[in-house]
Amino acid sequence: MNTLLLPIIIPALAAIVLAVLPKKRPVREIFAVLIVAANVFLCWSLFNKQMTLTLPWGAWGMEFSLRLYGFSGFTLLATSVFALLITIYSTSFMKGKEHLSQFYAYMLLILAQLNGAVLSDNLILLLFFWEGMLITMFGFIAIGRKDSVHTAVKYFVINGATDLCMMAGIAIVGYLAGTFTISAISLQTGGLASLAFLLLIIGAISKAGAMPFHTWIPDAASDAPLPFMAFGPGSFEKLIGIYFLVRVCLDMFKLNPESKFSTMLMIIGAVTVLFAVMMALVQKDYKKLLSYHAISQVGYMILGIGTALPIGIVGGLFHMLNNAIYKDCLFQTAGSIEKQTGTTDLYKLGGLASKMPITFICFVVAALSISGVPFFNGFFSKELIYDGALERGMIFYLIAVIGSFFTAASFLKLGGRPPELLPLP
């Protein structure tokens with residue numbers, strides 16, 4: 001069997017096996033951790049290699065075509081590490097919860113689908129894995145609280161509609177390029193190609209959670225299992241959405257700073273940064289506050305890539321990785337607080353630093369990172385984005401900097417509540 005198939009097949013088969021494993025702890029948990037750890041080892045062995053696989057799959061240019069190269073190998077390795085950390089965390093947080101077999105099965109199935117999407121070198125095959133993630137994420141959200149199915153439907157409708165746009169864009173690209181092979185496509189915007197570019201971008205930024213396709217994320221923060229927020233909006237959805245955005249902007253279309261689409265992406269990024277962080281400032285719930293920050297941070301990634309300048313693009317990709325690191329940490333601190341106190345209502349929390357010192361230290365480090373404080377990882381990626389934005393226009397630079405100040409302000413609010421504070425009437 002070709003090695004490129006293993007990151008797809010192993011987690012997918014493991015998800016099926018979970019349905020028949022004994023439901024007593026810790027069989028499911030150990031099995032899930034071992035499979036995800038094996039996936040890390042496999043992705044590490046594939047890192048920095050170049051491989052291709054093409055198998056007949058259907059008519060009209062449809063091929064089961066996989067390609068491993070520098071960017072896809074890096075994304076695979078990053079997602080595998082985050083998946084392992086979240087799975088280990090879930091073994092403790094999800095103890096005593098319902099639907100545990102489904103929970104771990106969904107995690108493994110999403111991991112398989114994401115690996116498939118990242119490795120896909122055919123747009124039809126990528127769409128197959130992309131839509132598989134849509135269905136699996138729907139189920140993942142639905143196993144949360146009693147009313148979480150409404151949030152799952154909202155997610156499905158929003159992303160389903162934008163995926164239809166993406167399908168139309170793929171059809172146009174295939175027609176114009178004469179192929180669906182991503183590495184063989186090289187188009188210039190203009191006319192019908194501009195429409196295709198716009199439709200593909202809608203699919204990418206919607207998956208990443210940018211405005212105006214973000215409204216399901218704060219609802220999921222309340223309704224879905226908390227590890228889902230670290231797994232989905234916190235890391236995986238950002239990684240695959242931004243990954244596809246980069247493939248569209250740098251591989252299939254050659255985005256340049258003079259393009260109107262470059263300016264359009266920067267505007268979307270700037271609006272997402274500013275409005276989402278302002279919404280975070282007024283939140284009264286820890287998880288919802290973090291969900292708006294997850295939206296705001298994707299704005300920085302889109303802003304950096306939208307500059308179409310090397311420094312901005314590198315900053316956007318670097319921030320994609322940094323965001324997944326500190327956002328996972330922040331959502332996990334929220335889970336620890338919820339597990340210990342039974343609430344994430346900010347007006348019922350306070351004085352936890354002395355009682356939960358490790359959680360507090362993790363929170364402080366991650367909060368400083370997301371705020372872009374010097375010498376923390378978020379600072380370095382944001383600096384690159386600032387430089388790229390400044391070259392394109394002072395207004396974009398100012399919005400990016402203001403977004404960081406508002407982010408810091410919201411975390412001062414989050415971390416500075418005194419223990420005697422009572423709920424507001």
Side-chain angles (χ1 to χ4, degrees), residues 5 7-16 18 32 35-36 39 43 64 66 72 75-76 78-80 82-83 86-87 102-144 148-149 151-167 169-170 182 199-210 213-214 216-217 220 224-225 227-248 294 298 320 324 328:
L5 293 172
I8 304 170
I9 292 175
I10 291 176
L13 290 178
I16 298 172
L18 272 169
I35 292 296
V36 180
N39 182 69
C43 292
F64 194 94
L66 303 178
S72 59
T75 307
L76 276 183
T79 55
S80 68
F82 296 135
I86 296 167
T87 304
Q102 290 173 270
F103 174 86
Y104 289 111
Y106 284 140
M107 288 185 70
L108 291 173
L109 193 54
I110 290 172
L111 180 61
Q113 292 162 342
L114 186 137
N115 288 345
V118 169
L119 288 170
S120 295
D121 195 34
N122 183 282
L123 285 170
I124 304 297
L125 179 62
L126 184 146
L127 188 62
F128 173 80
F129 289 116
W130 193 279
E131 296 308 308
M133 288 181 67
L134 175 69
I135 297 169
T136 310
M137 290 282 282
F138 173 88
F140 206 166
I141 298 171
I143 62 171
S148 60
V149 67
T151 301
V153 170
K154 188 175 184 179
Y155 163 82
F156 190 87
V157 169
I158 292 172
N159 284 271
T162 55
D163 285 357
L164 288 174
C165 295
M166 182 174 160
M167 290 180 196
I170 288 173
I182 299 174
L199 291 171
L200 293 176
I201 289 300
I202 288 173
I205 65 173
S206 173
K207 182 68 77 174
F213 311 111
H214 68 288
W216 66 272
I217 298 177
F228 166 83
M229 294 302 296
F231 194 79
S235 55
F236 274 38
E237 294 241 306
K238 299 287 181 294
L239 288 165
I240 189 60
I242 297 301
Y243 173 82
F244 186 60
L245 177 65
V246 171
R247 296 299 304 269
V248 172
V298 79
M320 175 185 76
D328 279 357

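None of the values given here were measured: they were computed from a predicted structure.
- Under the 4.5 Å side-chain criterion, counting only non-hydrogen atoms from C-beta, Thr79 is not in contact with Val118.
- Taking 4.5 Å as the limit, some side-chain heavy atom of Glu131 sits within range of a side-chain heavy atom of Leu134.
- Considering only heavy atoms from C-beta on, Tyr243 stays 4.5 Å or farther from Leu114 through its side chain.
- In this structure, CD1 in Ile205 is found 12.0 Å from CZ in Phe244, a value given to the nearest 0.5 Å.
- Side-chain atoms of Met107 and Ile86, non-hydrogen and from C-beta on, do get closer than 4.5 Å to each other.
- Here NZ of Lys207 is found 13.0 Å from CG of Leu239. Values are rounded to the nearest 0.5 Å.
- Closest of all the heavy-atom pairs between Tyr155 and Met137 is OH-CB, 3.3 Å.
- When all heavy atoms are compared, the tightest approach of Ala208 to Ile242 is CB-CD1, 4.2 Å.
- A distance of 11.5 Å separates CD1 of Ile110 from CD1 of Ile135, quoted to the nearest 0.5 Å.
- The 12-atom threshold is exceeded at CZ of Phe138, counting heavy atoms of other residues, nucleotides or ligands nearer than 6.0 Å.
- Two residues are said to be in side-chain contact when any heavy atoms from C-beta on lie closer than 4.5 Å; Ile141 and Phe156 fail this criterion.
- Side-chain contact between Leu109 and Phe140 is absent, with no heavy-atom pair separated by less than 4.5 Å.
- If you take CD1 on Ile182 and CD1 on Ile124, they are separated by 10.0 Å, rounding to the nearest 0.5 Å.
- Qualifying ring pair (Phe, Tyr, Trp, His ring centres under 6.0 Å) partners for Phe129, counting only residues two or more places apart in sequence or in other chains: none.
- The CG atom of Leu199 sits 10.0 Å away from atom CD1 of Ile170, with the distance rounded to the nearest 0.5 Å.
- Applying the side chain to side chain donor-acceptor pair (under 3.5 Å) rule to pairs touching residues 107-117 yields Asn39-Asn115, Gln113-Thr136, sequence neighbours excluded.
- Residues Ile35 and Leu13 fail the side-chain proximity criterion, which asks for heavy atoms closer than 4.5 Å.
- Shortest non-hydrogen contact noted between Trp216 and Thr151 is O-CG2, 3.9 Å.
- For the pair Thr162 (side chain) and Asn159 (backbone), a donor-acceptor distance under 3.5 Å is present.
- Taking each heavy atom of Ile202 and Cys165 in turn, the nearest pair found is CG2-CB, 4.1 Å.
- For Phe82, there are no ring pair (Phe, Tyr, Trp, His ring centres under 6.0 Å) partners at least two apart in sequence or on another chain.
- Within the model, atoms SG of Cys43 and CG of Leu111 stand 7.5 Å from one another, a figure rounded to the nearest 0.5 Å.
- Nearest heavy-atom pair, Ala112 versus Pro11, reported as atom, atom and distance to 0.1 Å: CB-CB, 3.8 Å.
- When all heavy atoms of Ala105 and Leu18 are compared, the pair lying nearest together is N-CD1, 3.4 Å.
- Within 6.0 Å of CZ in Phe128 there are 12 or fewer heavy atoms belonging to other residues, nucleotides or ligands.
- When side chains are defined from C-beta on, Met166 does not count as touching Leu123, because their heavy atoms never get closer than 4.5 Å.
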